[in-house]
Colleague: 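Just dropping this structure here.
Within every chain, numbering begins at 1; the chains are lettered A, B, ... in the order of the sequence lines, protein sequences first and strands thereafter. What you see is a predicted model; the values in this text were computed from it and never measured.
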Amino acid sequence: MKEYSAFSLLRHAASHNRNWRRAWRSPEPRRRYDVIIVGGGGHGLATAYYLAKEHGVRNIAVLEKDWIGGGNTGRNTTIVRSNYLCPESSLLYEKSLKLWEGLSQDLNYNVMFSQRGVYNLGHSLQDMRDIERRVSANRLNGIDAEVVTVAQIKKAIPLINTSPTARYPILGASLQRRAGVARHDAVAWGFARAADARGVDIIEQCRVTGVNRDGGKVTGVETTRGTIHSDKIGIVVAGNASVLAAMAGMRLPIQSHPLQAFVSEPLKRVLDTVVMSGAVHGYISQSDKGDLVIGAGIDAYTGYGQRGSFQTIEHTMAAIIQLFPTFSRVRMLRMWGGIVDICPDACPIIGKTSVDGLYFNCGWGTGGFKATPGSGWTFAHTIAKDEPHELNAPFSLERFISGALIDEHGAAAVAH
Amino acid sequence: MFLIQCPWCGERAETEFSYGGEAGIVRPLEPDALSDAEWADYLFNRTNLRGAYKELWNHAQGCRRWFGVERDTVTYKIEGSYELPSGRAGKGA
Amino acid sequence: MQPNRLKQGGRIDRSRALSFRFNGKSYEGYTGDTLASALLANGVSLVSRSFKLHRPRGIVGAGAEEPNAILQIGRGASTLPTQRATQVELYDGLEARSTKGWPSLRFDIAAFNDLVSPLLAAGFYYKTFMRPQALWPWYERFIRAAAGFGLAPREPDPDRYEHRNAHCDVLIAGAGPAGLIAALVAARSGARVIIADEQNEFGGSLLSASQTIDAEPATAWIEATTAELDALDNVTMLTRSTVFGYYDHNFVAIVERCTDHIGEDVAGVRQRLWRVRAKQVVLAQGAFERPLVFCNNDRPGVMLASAVSCYIHRYAVCPGKRAVVFTNNDSAYRTAIDLRAAGASVVIIDSRAEGAGALADAARADGITMLPGHIVTDVSGRRHVSGVRVAQWNGDVTSTVQNTINIDCDLVAVSGGWSPAVHLHSQSGGKNAWSDDLHCFVPAEYAQANVSAGAGNGKWSLQDCLQDGLDAGIEVIARCGIEAADVTLPLAVEVASRPLEPLWRVPAATDPDRCPKQFVDFQIDTSVADIRLAVREGYRNVEHVKRYTALGFGTDQGKLGNINGMAILAECLGEDIASVGTTAFRPAYTPVTFGVGAAENVGDLFEPVRKTAIHASHEAAGAPFEVVGQWHRPWYFPQGDEDLHTSVARECLATRKSVGMMDASTLGKIDARGPDVVEFLRRIYTHDVGKMKVGRCAYGIMLGEDGMVMDDGVIARVAERQFYLTTTTGGAAPVLAWLERWLQTEWPELEVYLTSLTEHYATIVVAGPNSRRVLQDIGCNIDLERDSFAFMSVRDAELAGIAVTLFRVSFSGELAFEINIDSRNALKMWQLVADAGAKFDITPYGTETMHVLRAEKGFVIVGQDTDGSVTPVDLRLQWLLSKDKDFLGKRSLSRTDCVRSDRKQLVGLLSEDGKTVLPEGTQLVDDPGAAIPVPMCGHVTSSYYSACLGRPIAMALVATGHSRRDEIIFASLADGSAVPVRIVSPVFYDPEGERQND
């Protein structure tokens with residue numbers, strides 16, 4: 001892999017940018033791989049990358065039905081944080097955050113991880129109790145977190161409405177300073193390029209149509225580009241987990257919903273951090289390009305249409321105006337939707353299944369993007385060792401049978 | 001915003017309704033006879049179909065009746081609504 | 001004064017001059033102008049700078065496709081960011097400025113970027129700014145400082161917005177010839193019609209041309225048609241109204257701009273969001289002209305040919321005196337003729353080999369020079385075009401060419417053909433298909449009840465548009481089951497056109513990677529070389545190319561450049577355009593103000609505030625309110641300048657010592673009755689409701705099917721087959737829905753009737769040793785003494801002659817009565833209680849005191865002391881779990897995780913120092929010195945200073961807590977300190993319950 005650097009930009013500019021190499025190859029699928037990863041989103045590409053990098057697996061394919069990074073990876077509001085409530089989730093997300101912190105350098109691809117801080121606002125006494133509980137737990141887990149006052153919020157975010165007579169007045173917030181946002185497409189492309197450099201075959205336009213089993217063992221997949229054999233198959237297809245599970249003869253504790261987002265026209269710098277509010281249901285940041293990037297709530301119904309209902313957007317606009325009355329005159333440029341797979345406890349499933357060699361990584365709900373490197377890292381471990389890493393062990397399918405759910409509803413009352 | 005046919009009130013906007021998820025999930029008559037895995041299957045697992053899906057809706061801001069809807073979860077096209085069966089043989093909780 | 005304004009013509013009102021300012025300088029325009037036409041009239045050419053390279057930019061288009069003239073309009077609180085000058089109607093006093101360019105628009109230091117543009121090629125930022133890692137925030141500051149167009153207002157929006165719902169048979173988007181005639185046939189047939197157009201008047205493209213209909217000027221036909229529509233009361237006509245979103249089930253969103261054209265600080269609704277449910281939709285939004293992609297094609301003075309015609313016809317503005325028209329199709333010949341008529345000299349450069357046909361003949365007859373088989377390869381001039389370089393061309397797109405001619409000019413009008421505005425069709429779920437004849441995407445498969453018509457359907461000639469619109473109108477009303485009225489197809493005289501010959505990338509003197517920039521997306525500075533680079537680097541899917549080069553991510557969302565970009569991509573890939581595929585269009589068609597999305601739901605109306613029937617009294621008493629869901633509940637009742645803690649301490653002591661009163665009206669209340677109500681409630685609640693006697697109350701909990709505590713409350717059996725259930729405040733609506741759902745979906749054989757009484761009844765709690773005497777003093781018609789009205793009983797009674805239901809239940813641990821009373825009598829009763837209690841110093845208390853009193857007794861609050869992962873056993877409520885029957889959630893309690901002995905369990909906590917009030921939420925640890933991650937054994941759920949006990953108390957969920965009585969653990973505080981706390985029983989006060997039983 002040729003290095004990307006300011007120097008290489010200069011050198012290539014001198015030759016009219018005509019000698020840049022492909023970021024990743026476009027190989028024909030081979031008949032057999034040591035590991036097949038189904039799903040070329042950020043999580044799948046990260047899994048392949050860490051399988052190659054951390055576990056020395058050489059013969060890996062990533063199968064993508066369409067184009068890489070085209071699902072939720074390229075549709076989310078790019079918030080990265082690790083200040084979750086339960087120790088299980090916060091440790092998993094913290095692993096991810098630590099990987100984020102060196103990701104551009106590790107991948108030699110600038111994913112523009114911008115640690116500008118995330119404020120989770122509290123609007124009621126119960127919100128503040130929950131914030132205190134979460135911050136207290138985060139600190140004991142070694143995760144930076146603090147409870148901030150209304151005055152501190154106002155200082156950091158001058159345009160926010162801190163009036164005590166607001167319909168849902170702001171009483172305080174939690175702040176994670178190391179949290180922030182990243183450039184979503186770059187994450188997929190950076191992992192793809194780095195994985196490709198380690199020999200991973202990234203095969204786009206290759207839809208999996210069946211999962212082949214020999215008794216209790218997985219043997220390969222049927223695809224639109226033929227049968228591909230492998231004894232280990234990792235499925236990481238946010239938005240379609242239940243569809244792939246059905247191919248493997250399983251049902252999952254997942255329901256898929258539309259989750260919408262929208263951006264404004266590009267504005268001059270006006271918001272330097274990320275603001276999230278569960279009570280009024282809105283979250284907002286400003287991209288480096290200047291767009292306000294705004295996340296809406298989940299549409300209630302099951303939906304694979306990558307779009308939701310307009311009243312959800314109306315409500316989110318109202319929520320944003322609650323928080324930032326001055327944004328009322330700003331305009332929405334574009335809205336879109338993704339498909340979020342939600343587990344009953346709002347936590348993911350990363351682990352083995354009842355079928356040997358078949359692994360699932362799904363159910364990230366609204367929290368998938370921030371987990372991309374950590375998800376890939378733990379899933380790679382699980383596939384390579386055929387057993388979960390201690391970080392993802394609690395996130396097994398088994399928990400739905402034993403009842404050991406990880407209740408993140410408190411921390412994830414609003415989509416994020 | 002969907003236009004949903006309430007079997008009792010007619011076509012109404014989606015905002016009048018609340019969603020109830022997959023239809024046809026029957027509570028086991030004898031929960032104690034089930035293994036933990038079987039109970040979990042009832043409790044949590046869903047077909048979550050991509051395509052034609054039978055689901056429950058409640059006309060929460062109207063007659064408050066629950067009813068079934070067949071809807072395509074990709075195109076969101078609604079095939080129709082139907083009343084739920086009533087007066088089935090007694091089942092315990 | 002206005003150098004480019006023509007002496008006559010146009011749809012402006014010359015009698016009404018308007019003054020406006022641009023970048024601080026004053027200009028004059030006319031009513032009917034847009035900001036863009038007024039700027040052009042005044043010869044203002046440079047209006048902004050591009051996003052990345054800061055190249056000087058001028059006005060290109062005349063509508064929603066405009067990429068460059070993105071300006072800040074207005075001042076102060078009513079300023080508007082990122083407005084397209086082509087869509088801003090001029091008003092007197094309008095103030096506009098460009099937000100790009102420093103120190104000035106003319107001399108912009110950041111234009112340096114253009115000089116080093118090879119360094120700033122597509123995706124350059126992914127390849128650098130990585131080392132040293134610590135410097136990224138610094139790099140990012142510079143990136144952010146350079147980014148963005150508009151300035152968000154710094155003050156709250158002074159304007160008002162509203163929503164309006166509407167239903168119709170036929171909604172027509174676009175009031176050009178196709179839309180108007182479709183509306184005419186639908187309206188005459190009696191259908192309910194809504195027709196919306198984004199312009200200030202109906203007519204569409206006809207307003208920008210000199211065509212005739214039925215041998216009259218087209219404008220006469222528009223006037224007659226709109227007059228007829230206007231006279232019909234089944235038609236709603238919306239001007240300045242953009243159909244921006246086409247959602248599922250024919251739900252269509254329109255934003256109507258009511259006052260923006262008048263000015264700022266105008267009374268009334270600024271914008272109105274129409275939420276329309278249409279049986280049928282006709283999409284007739286017309287088409288966009290495509291520019292041609294040649295070197296320096298972004299220089300100010302290079303404009304779309306159709307825009308030039310529009311400015312001439314509609315605004316009487318001729319943007320140049322010496323014009324070059326560069327085209328690959330016949331439509332720009334009309335522009336050439338228009339320019340000639342406006343007095344400009346004109347040269348037509350046509351990339352097609354022959355300059356033949358009727359329009360060419362007409363052009364020649366007008367004295368226009370024609371150069372068929374030629375192309376414009378480059379432009380000279382920096383802040384304004386000063387000339388073009390022209391080369392002869394043989395039609396080979398892969399070749400380079402020799403420039404042979406230089407032509408001086410001050411205007412280049414370009415046309416690369418037309419693309420139907422298929423945005424709404426695409427939003428509706430419809431598919432588009434590439435037409436090899438028309439060289440554009442046209443609507444193909446329909447997904448909803450809609451039809452495309454006119455130029456938006458690939459019909460270019462006026463006659464075809466009228467025919468297509470008429471057909472569409474007839475089609476949709478037939479689908480509505482309405483018989484079509486008679487409409488005669490008007491006749492438009494057409495000059496035969498020669499077909500377009502595609503020219504997606506104009507060859508240059510050098511190859512496309514070396515030649516001066518050939519812009520595809522102007523605003524965002526995406527060039528041909530960028531697309532080629534993306535493909536070279538493996539970003540080959542159209543979505544990857546768009547995202548890597550930012551093509552289409554400007555505020556025009558690719559209306560100007562996307563099709564050219566896709567065609568150039570197809571060329572790079574060696575594929576045809578159809579296989580490159582189109583990308584899905586998302587709402588909004590043009591940007592929509594957040595304010596109109598929110599409309600009335602702002603400020604206090606964001607969500608309704610629910611107030612109890614006694615609210616006014618609390619307000620008069622000066623109580624601060626706690627926000628609990630939608631409710632405002634009195635938090636405490638300060639006297640004088642008391643703070644929360646002194647007030648609460650006083651309220652608690654007064655209640656325990658004598659008597660207190662509180663408004664508990666927000667509790668959920670449900671009447672459940674019917675022949676099968678006992679069986680039903682046995683399944684819902686964990687204990688056996690069937691064993692309750694009439695007139696008795698019980699504490700009950702209900703579980704989710706996962707076995708976790710969902711809600712709690714009092715169950716009163718008021719008659720053999722009638723129960724009165726209370727829920728938590730937050731649980732009122734969800735519990736009712738939960739009960740209804742089971743009843744209707746799972747147990748329809750049970751005959752039970754549920755009625756919410758939450759708003760119907762108010763609840764006044766009178767608690768404390770003197771509570772009975774207060775009620776007696778009010779005058780009660782039943783015996784309230786212990787023997788006849790025991791603890792956990794319920795009775796209908798009269799207080800001061802007013803009917804009430806009395807509950808002898810207690811959430812405070814004191815002797816207490818809960819008075820349930822019709823809401824209309826509640827305020828009166830509140831006063832009666834207060835008056836009767838005066839001699840006992842009765843003390844009103846709020847939610848905070850209620851919390852303290854119940855915590856002293858160890859009563860949990862579901863949602864505070866539980867969080868969705870707490871079983872009844874964890875709360876030591878196993879005595880409430882019936883062994884004799886099934887109930888919802890029961891099976892889950894025997895799962896392996898639910899029977900673990902080390903689950904988190906409810907306990908009481910006392911800080912060892914007797915002073916520290918633990919912050920609620922604080923995590924608890926066994927070993928505060930443990931290494932990170934420190935294992936946590938629980939957390940504080942409730943914590944207060946108990947004035948009654950003279951010390952702080954707390955409740956907590958602690959692992960294995962029930963068997964750890966008297967152990968010391970530690971509360972880990974934010975400052976890093978660890979407070980030793982002792983695990984105790986959560987019942988701190990009157991453990992035997994003697995007081996409440998009194």
Colleague: Just wondering, do C:Arg540 and A:Arg22 contact through their side chains at under 4.5 Å, heavy atoms?
Modeller: yes
Colleague: Got C:Lys127 and A:His12 here, is their nearest side-chain heavy-atom distance under 4.5 Å?
Modeller: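 Counting from C-beta outward, C:Lys127 and A:His12 never come under 4.5 Å.
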Colleague: Can you check whether A:Asn17 reaches C:Arg532 side chain to side chain, under 4.5 Å on heavy atoms?
Modeller: no
Colleague: If only atom types and distance count, is the side chain of A:Gln322 paired as donor or acceptor with the main-chain N or O of C:Val602 below 3.5 Å?
Modeller: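 Checked: no pair found.
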Colleague: Of the backbone (N, CA, C, O) and the side chain (C-beta and beyond), which part of A:Glu94 lies under 4.5 Å from a heavy atom of chain C, both, or neither?
Modeller: neither
Colleague: Using only atom types and a distance under 3.5 Å, with no angle test, would you say the side chain of A:Gln105 pairs donor to acceptor with the backbone of C:Met130?
Modeller: yes
Colleague: Does the side chain of C:Thr593 come within less than 4.5 Å of A:Arg331's, by heavy atoms?
Modeller: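 Of all side-chain heavy-atom pairs linking C:Thr593 with A:Arg331, at least one is under 4.5 Å.
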Colleague: Looking at side-chain heavy atoms only, is the closest gap between A:Met112 and C:Ile143 below 4.5 Å?
Modeller: no
Colleague: Tell me, side chain or backbone of A:Thr165 under 4.5 Å from chain C's heavy atoms, or both, or neither?
Modeller: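 The answer is the backbone of A:Thr165.
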Colleague: Does C:Tyr539 form a ring-ring contact (aromatic ring centres under 6.0 Å, His included) with A:Trp24? I'd like the steps, not just the answer.
Modeller: CA-CA 9 Å; C:Tyr539 303 89; A:Trp24 63 91; 5.2 Å; yes
Colleague: Compare every heavy atom of C:Arg895 with every heavy atom of A:Ile401, then report the nearest pair and how far apart it is.
Modeller: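 Nearest heavy atoms, A:Ile401 then C:Arg895: O-CD, 3.6 Å.
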Colleague: Tell me, side chain or backbone of A:Glu146 under 4.5 Å from chain C's heavy atoms, or both, or neither?
Modeller: neither
Colleague: What residue in A:Ala319, A:Gly69, A:Ser124 has the most heavy-atom pairs under 4.5 Å with chain C?
Modeller: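 Winner by heavy-atom pair count: A:Ala319.
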Colleague: Is a side-chain donor or acceptor of A:Arg269 paired with a backbone partner of C:Ala147 at a separation under 3.5 angstrom?
Modeller: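 Between the backbone of C:Ala147 and the side chain of A:Arg269 there is no qualifying donor-acceptor contact (under 3.5 Å).
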Colleague: When you compare the side chains of C:Gln923 and A:Arg139, does any donor N or O come within less than 3.5 Å of an acceptor on the partner?
Modeller: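 There is no such pair between these side chains.
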Colleague: Would you say that C:Asp159 contacts A:Arg329 through its side chain, given a criterion of any heavy-atom pair below 4.5 Å between the two side chains?
Modeller: yes
Colleague: Is there a side-chain contact between A:Phe310 and C:Pro587 (heavy atoms, below 4.5 Å)?
Modeller: no
Colleague: Report the C-alpha distance between C:Phe594 and A:Phe327 in whole Å, list the side-chain angles of each, state the deciding distance to 0.1 Å, and finish with yes or no for ring-ring contact (aromatic ring centres under 6.0 Å, His included).
Modeller: CA-CA 7 Å; C:Phe594 291 1; A:Phe327 290 166; 7.2 Å; no
Colleague: Non-hydrogen atoms of chain A under 4.5 Å away: do they reach the side chain of C:Ile861, the backbone, both or neither?
Modeller: neither
Colleague: Does any heavy atom of chain C fall under 4.5 Å from the side chain of A:Arg399, the backbone, both, or neither of them?
Modeller: neither
Colleague: For A:Gly74, is there any backbone N or O sitting under 3.5 Å from a side-chain donor or acceptor partner on C:Arg547?
Modeller: yes
Colleague: Are the side chain of C:Asp897 and the backbone N or O of A:Ser402 linked by a donor-acceptor pair below 3.5 Å?
Modeller: no
Colleague: Below 4.5 Å from any heavy atom of chain C, which atoms of A:Asp291 appear? Answer side chain, backbone, both or neither.
Modeller: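 For A:Asp291, no heavy atom lies under 4.5 Å from chain C.
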Colleague: Indicate the atoms forming the closest heavy-atom contact of A:Leu91 with C:Pro933, along with that distance.
Modeller: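 Shortest heavy-atom contact: CD2-CB, 4.2 Å.
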Colleague: Check whether any side-chain heavy atom of A:Val270 lies under 4.5 Å from a side-chain heavy atom of C:Arg154, and answer yes or no.
Modeller: yes
Colleague: Between C:His544 and A:Ile68 (side chain of the first, backbone of the second, donor and acceptor by atom type, cut-off under 3.5 Å), is there such a pair?
Modeller: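 Side chain of C:His544 to backbone of A:Ile68, a donor-acceptor pair under 3.5 Å: yes, one is there.
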Colleague: Where the side chain of A:Arg167 meets the backbone of C:Glu607, is there a donor-acceptor pair that is under 3.5 Å apart?
Modeller: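 Yes: the side chain of A:Arg167 pairs with the backbone of C:Glu607.
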Colleague: If I compare all heavy atoms of A:Leu333 with all of C:Gln557, which pair ends up nearest, and what's the gap?
Modeller: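 Smallest interatomic distance, heavy atoms only, reads O-NE2, 3.1 Å.
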Colleague: Please round to the nearest 0.5 Å and tell me the distance separating atom CD of C:Gln864 and atom CG of A:Asp130.
Modeller: 9.5 Å
Colleague: Look at C:Leu973, C:Leu605, C:Leu273 and state which one has the largest set of heavy-atom pairs under 4.5 Å with chain A.
Modeller: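 Counting heavy-atom pairs under 4.5 Å, the top option is C:Leu273.
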Colleague: If only side-chain N and O atoms count, and only distance matters, is there a donor-acceptor pair under 3.5 Å linking A:Arg307 with C:Tyr247?
Modeller: no
Colleague: Do we see a donor-acceptor contact under 3.5 Å between the side chains of C:Asp157 and A:Ser328?
Modeller: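 Yes.
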Colleague: Does any N or O in the side chain of A:Trp20 come within less than 3.5 Å of the main-chain N or O of C:Leu533, such that one atom is a donor and the other an acceptor?
Modeller: no
